[in-house]
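Note that ligands are numbered from 1 as they come in the structure, with each ligand's atoms numbered from 1 the same way.
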Amino acid sequence: MPPKVVVRDLVKRYGGIDAVGGVSFAINAGEIFGLLGPNGAGKTTTVECLIGLRDADGGHLEVCGFDARKNPAEVKQRIGVALQSTSLQEQITPREALRVFGSFYRQRTDAESLLKRFALTEKADARFATLSGGQRQRLALALAFVNRPELVLLDEPTTGLDPQSRRELHHDIERMKQDGCTVLLTTHYLEEAERLCDRVAIINQGRI
Ligand code: ATP
């Protein structure tokens, strides 16, 4: 099977400084791939270039068989993303958010099964403003799955969570792999990378 992600010589500069200075890696279909590195290493910038939130300054990016720099719309249909923090309108409920986000995609999973899978059924009709940090993170993961993605990109999904919530999220991520999904996970926790990832790239100061 062809790789799900190919990154070749990715460069992203902010004001003349290389935040990502020529990064290359590939992710095989069905694996959990970790991008491990300290604060400011360039993990988020790499993810944001892959998902089309930032324009790369150089390099080749291939996601799910598409040139991600030329075809960002096709890439977006096939991927799910949970960024470091997810802000939604304060009054929206998890059930409403899942329905609204689902309506953006050609194929989608129904809200009820996602609420169940990510243990949000009890909070389905609670306002976003009243959810705890862990519940918000689980909602972010559920939203990432709304379009039945082939690939999910999770940017530091467990940062700031208590140990129990972190363990629950680890189970969710392991289940993604069991369901046949490919996962790119960024983290600065060594033990998280060791536990979850099939392969890890260590990134520091914009270099692997
Ligand atoms: P963290 O673990 O703290 O989230 P990271 O590995 O995700 O870090 P990035 O957010 O990719 O790191 O940042 C890489 C470098 O690029 C840092 O030096 C950061 O200060 C810089 N940077 C990121 N975004 C911008 C921006 N919009 N403008 C200027 N510099 C930026």
Side-chain angles (χ1 to χ4, degrees), residues 3-27 31-64 67-69 72 75-76 79-88 131-144 149 151-163 165-170 172-173 176 181-208:
K4 277 283 169 212
V5 175
V6 179
V7 175
R8 213 176 300 133
D9 301 324
L10 173 64
V11 174
K12 176 66 189 174
R13 291 185 198 97
Y14 295 114
I17 294 166
D18 283 2
V20 176
V23 155
S24 302
F25 60 87
I27 306 179
E31 73 178 346
I32 301 182
F33 183 89
L35 208 48
L36 176 70
N39 292 137
K43 303 181 295 295
T44 299
T45 304
T46 301
V47 168
E48 288 177 343
C49 289
L50 276 169
I51 64 178
L53 273 185
R54 294 198 186 275
D55 286 329
D57 291 307
H60 174 74
L61 299 175
E62 202 179 297
V63 179
C64 301
D67 183 327
R69 297 181 68 186
V75 168
K76 285 189 181 97
I79 64 170
V81 179
L83 295 175
Q84 258 170 51
S85 67
T86 298
S87 293
L88 297 174
L131 300 180
S132 73
Q135 289 160 352
R136 287 177 190 208
Q137 232 7 336
R138 289 213 303 278
L139 176 57
L141 290 189
L143 290 169
L151 167 75
V152 277
L153 300 101
L154 309 175
D155 194 9
E156 298 187 23
T158 65
T159 298
L161 296 184
D162 67 55
S165 303
R166 178 168 298 153
R167 246 194 324 272
E168 285 166 7
L169 227 66
H170 286 170
D172 287 332
I173 294 167
M176 293 173 192
C181 214
T182 307
V183 179
L184 168 56
L185 169 78
T186 81
T187 181
H188 48 235
Y189 298 117
L190 193 55
E191 71 283 1
E192 184 166 284
E194 273 186 319
R195 175 180 165 173
L196 293 175
C197 299
D198 297 301
R199 290 190 306 133
V200 171
I202 295 169
I203 183 167
N204 193 23
Q205 297 188 337
R207 291 184 183 277
I208 299 280

Legend entry - Contacts of type salt bridge (charged side-chain N to carboxylate O under 4.0 Å, His left out), residue Arg195, not counting sequence neighbours: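 Expected list: Glu174.
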
Can you find a heavy atom in the side chain of [X] that is under 4.5 Å from one in the side chain of [Y]?
X	Y	answer
Leu35	Ile208	yes
Tyr189	Thr159	yes
Glu31	Lys4	no

Considering only N or O atoms, set out every pair between ligand 1 and the protein closer than 3.5 Å, with distances to one decimal place.
{"residue": "ligand 1", "atom": "2 (O)", "partner": "Asn39", "partner atom": "ND2", "Å": "3.3"}
{"residue": "ligand 1", "atom": "2 (O)", "partner": "Lys43", "partner atom": "NZ", "Å": "2.9"}
{"residue": "ligand 1", "atom": "2 (O)", "partner": "Glu156", "partner atom": "OE2", "Å": "2.6"}
{"residue": "ligand 1", "atom": "3 (O)", "partner": "Asn39", "partner atom": "ND2", "Å": "3.0"}
{"residue": "ligand 1", "atom": "3 (O)", "partner": "Gly40", "partner atom": "N", "Å": "3.4"}
{"residue": "ligand 1", "atom": "4 (O)", "partner": "Gln84", "partner atom": "NE2", "Å": "3.0"}
{"residue": "ligand 1", "atom": "4 (O)", "partner": "Glu156", "partner atom": "OE2", "Å": "3.4"}
{"residue": "ligand 1", "atom": "6 (O)", "partner": "Ala41", "partner atom": "N", "Å": "3.0"}
{"residue": "ligand 1", "atom": "6 (O)", "partner": "Gly42", "partner atom": "N", "Å": "2.9"}
{"residue": "ligand 1", "atom": "6 (O)", "partner": "Lys43", "partner atom": "N", "Å": "2.9"}
{"residue": "ligand 1", "atom": "6 (O)", "partner": "Lys43", "partner atom": "NZ", "Å": "2.9"}
{"residue": "ligand 1", "atom": "7 (O)", "partner": "Thr44", "partner atom": "N", "Å": "2.8"}
{"residue": "ligand 1", "atom": "7 (O)", "partner": "Thr44", "partner atom": "OG1", "Å": "2.7"}
{"residue": "ligand 1", "atom": "8 (O)", "partner": "Gly40", "partner atom": "N", "Å": "2.7"}
{"residue": "ligand 1", "atom": "11 (O)", "partner": "Thr45", "partner atom": "N", "Å": "2.9"}
{"residue": "ligand 1", "atom": "11 (O)", "partner": "Thr45", "partner atom": "OG1", "Å": "2.5"}
{"residue": "ligand 1", "atom": "12 (O)", "partner": "Gly42", "partner atom": "N", "Å": "3.2"}

Anything under 3.5 Å between a donor and an acceptor, one on a side chain of residues 41-51, the other on a protein residue two or more places apart or in another chain? List them.
{"residue": "Lys43", "atom": "NZ", "partner": "Gly37", "partner atom": "O", "Å": "2.8"}
{"residue": "Lys43", "atom": "NZ", "partner": "Pro38", "partner atom": "O", "Å": "2.9"}
{"residue": "Thr44", "atom": "OG1", "partner": "Gln84", "partner atom": "NE2", "Å": "3.0"}
{"residue": "Thr44", "atom": "OG1", "partner": "Asp155", "partner atom": "OD2", "Å": "2.8"}
{"residue": "Thr46", "atom": "OG1", "partner": "Gly42", "partner atom": "O", "Å": "2.8"}
{"residue": "Glu48", "atom": "OE1", "partner": "Arg54", "partner atom": "NE", "Å": "2.6"}

Inset, instruction - Could you name each residue pair satisfying salt bridge (charged side-chain N to carboxylate O under 4.0 Å, His left out) that touches residues 182-191, not counting sequence neighbours? - result: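 For residues 182-191, and leaving out neighbouring residues, there are no salt bridge (charged side-chain N to carboxylate O under 4.0 Å, His left out) pairs at all.
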
